[in-house]
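Notes follow once the structure below has been shown.
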2 protein chains.
Amino acid sequence: MVPGKRIPVAAGYSAIVTADASSTRRPVTLSDVARLAGVSQSTASRVINGSAKRVDNRSRTLVLDAARELGYTPNLAAQAVARGASRTIALITSSVADAYFAAMTAAIMRAAEEVGLRVSLAVSDRRLDRELELVRELRGQQPRAIILAGTGYLDAPADRALETELARYQETGGRVVLISRSDMPFETVDFDNYDGAHRLAVELAGRGYRTPLVLGSAAPLRSMQERVDGFIAGFASAGVDIPAERVHHPEFSWQGAHSLLHGFDRDELAAADLVFAISDDVALGALASLRERGIAVPQELGVAGFDDITTLRDVVPKLTTVHVPLDEVAREAVHRATASPNELRRNVIPTRPMLRESTPQR
Amino acid sequence: MVPGKRIPVAAGYSAIVTADASSTRRPVTLSDVARLAGVSQSTASRVINGSAKRVDNRSRTLVLDAARELGYTPNLAAQAVARGASRTIALITSSVADAYFAAMTAAIMRAAEEVGLRVSLAVSDRRLDRELELVRELRGQQPRAIILAGTGYLDAPADRALETELARYQETGGRVVLISRSDMPFETVDFDNYDGAHRLAVELAGRGYRTPLVLGSAAPLRSMQERVDGFIAGFASAGVDIPAERVHHPEFSWQGAHSLLHGFDRDELAAADLVFAISDDVALGALASLRERGIAVPQELGVAGFDDITTLRDVVPKLTTVHVPLDEVAREAVHRATASPNELRRNVIPTRPMLRESTPQR
DNA sequence: TTGTAAGCGTTATCAA
DNA sequence: TTGATAACGCTTACAA
């Protein structure tokens, strides 16, 4: 006899063969509760998970007591099967170790909790194939919605497959919400990458900066390209042209910026008066490199980033950046994920430049 | 007729009344696949999710093709119900915004992915009642295991309830794994808080420090108390006594340390030559405060933390700390969560002091 | 190797 | 207000 194997038993119930008498009890089910309470399973169901309160007070107490006594927890999977829907939203994010995405994840979990939804989290590690895999997998959990908080690529071969998969999911009643990526035709919560970078650039030009070095991303991420474009346009609007050779595209990470700057010779750096990076993480990599090379920030070179991650509170000098209101973004995303289709709007959440010590008046 | 309402239809199948012809299709089910492939549902099941490969190649291709054509995804909830178990492990963590816990979460997700398990994440925000609530809720997902990576309290009233709930879960075949908290009688993955702090203290004493200020935690967290104890014992073993009045217990956070240090008068600080905090986060809060008050680190005062979070790469001066090998911890935790009960061991994962710029030779 | 049929723990319909 | 009973989508004996 295999332990754990179910064997039929007299009354239509079943029992479990345990390897060790005390070790594996069968989980308490709703019918156990009903039996103990002396009511039908339907009544028990109504009391415990039912929306309608069309149930007698006497039975209600009976059931509740029984449930408490047995330590009953509803089997969510069974509920999902029976109801044909779960109270879960699936979140696909690029990373959790990274400060920006960790904050985003936290914000979304908070927002979801507020409306009584669970979040099932999956991390794509910025790999497109993995993203597709995850959507397939998550679809199996029948979530109410799938939120993609990754970074959308400008053009990517795998995206067609991803799009089809998401479209299919949507056809069966699911909702798809994209955060900061409009590479696919779904609900999108966007914040103004372009405008934030633009305004930052205008402010910096106003502070006297004239020869910025721009650090973009080797990976063709749409939102990141917008930041680069906005920044360049901002300087242009102040009459300062940023030549293409001063725009670089290191690998999109702390490391990427760090190595890139290590490769520059002093003259190259001396010719610049500012480093603008498309994210704080990248900016910090650049800053570290400058520090290691003995280049004084902000005296010799200003540095600015984008995102306004919490980590900045521990960095000297205080980094100039563009603030992204993640809580607002998250709340909006969760709202879109749950709102009825007709009350949808397409607003862009504003960001705002935060001028700090790392870019003093020149 | 209510849209989405199921109505019985001729052949024993059912159809959906859609609000708008194209909008809501019924999700593709295994029986759809079977029908298209012209085989029975059991054969389809065997092909797609079956362990045994006792199925003809012809049927196999038929089923696979049908599945692809329809874009079938197995309904995980239904699978879980039918199998009586899911391929999920539930992780309850204190936070995700925090660098330490974000890294821990990332590590656990990675480790789980390696063994083909999904992670269902829940955040307790360090609230004990919330922890209990989450265990109840997660239990409903019938996860293979529940991992608690929070910070265990030394003595807490709610813990009895939590313990009962977890015990119940375990009785029904689940596994409970605690990380860095031995406040309850379950599998525990521990790292040597005491020893790491002890060794750090010995090293620092060797570097000439004599009058350390210790920042513990107002919340009575076991692992944190171990760090304090280890540190004090380490200094004691080097012949240096740390009087109780130099051991403080601010709120366990960056903010807590920051405010505490702001409250000290200069003499109090001048009397010390080192600040040891039980976590890097706390240490950074202290560091920020010192910086704001114009006290030079490490010239006037050394600073040391614990955890070795990634953020430290961006902090000047490089912070002395104790390295916690999270990947190892995570892998061990996931292993315990999945291993068969008899191959369990109870080892403590070593940590090691990292002496850096913030605590130079005195 | 395949299909039939009986489960899994719920919810929802319908008649009482 | 209640209880049978039929779903929900899937797995798994057991028999063919």
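Lettering of chains follows the sequences in order, A, B, ..., and the numbering in each one begins at 1.
- Rounded to an integer number of Å, the gap from A:R35 CZ to D:dT2 P is 19 Å.
- In terms of phosphate contacts, B:S40 brings a side-chain nitrogen or oxygen within less than 4.0 Å of OP1 or OP2 of C:dG3.
- Distance B:N57 CG to C:dT1 C1': 12 Å, rounded to the nearest Å.
- The shortest distance between the side-chain N/O atoms of B:N49 and the OP1/OP2 oxygens of D:dT11 is below 4.0 Å.
- Nucleotide C:dC8 holds its P atom 11 Å from the CG atom of A:D32, rounded to whole Å.
- Counting non-hydrogen atoms under 4.0 angstrom, B:S42 reaches a base of the nucleic acid.
- Proximity note for A:S59 (side chain, C-beta onward) versus C:dC8, D:dT1, D:dC8: the nearest is D:dT1.
- Counting any heavy atom pair closer than 4.0 Å across all strands shown, B:S45 reaches a base atom.
- The base of D:dG3 sits with one of its N or O atoms less than 3.5 Å from a complementary donor or acceptor on the side chain of A:R46.
- Between the side chain of A:T105 and the main chain of A:F101, a donor-acceptor pair closer than 3.5 Å is present.
- Between B:E133 and B:R136 there is no salt bridge, since no side-chain N of the basic residue sits under 4.0 Å from a carboxylate O of the acidic one.
- With D:dT11, C:dT2, C:dT10 as the candidates, the nucleotide lying closest to the side chain of B:D56 is C:dT2.
- Two residues are said to be in side-chain contact when any heavy atoms from C-beta on lie closer than 4.5 Å; B:R87 and B:Q79 fail this criterion.
- The distance from atom CG of A:N75 to atom C1' of C:dT11 is 13 Å, rounded to the nearest whole Å.
- Comparing D:dT12, D:dG9, C:dT10 by their closest approach to the side chain of B:R83 singles out D:dT12.
- We find that CD of A:Q41 is positioned 9 Å from P of C:dT11, with the value rounded to whole Å.
- In the set D:dC10, D:dT2, C:dT10, the nucleotide with an atom closest to the side chain of A:L30 is C:dT10.
- Look at CD on A:Q141: it is 17 Å from P on D:dG9, rounded to the nearest Å.
- We find that CG of B:L76 is positioned 10 Å from P of D:dC10, with the value rounded to whole Å.
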Checklist entry - Are A:E171 and A:R168 close enough, and set up right, to give a salt bridge (Lys or Arg N to Asp or Glu O under 4.0 Å), and what steps lead you there? => result CA-CA 5 Å; A:E171 272 167 14; A:R168 247 174 189 150; 5.8 Å; no
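- A straight line from CD of A:Q79 to P of C:dA12 spans 9 Å, rounded to a whole angstrom.
- Formation of a donor-acceptor pair under 3.5 Å by the A:R336 side chain with backbone atoms of A:T188 is found in this model.
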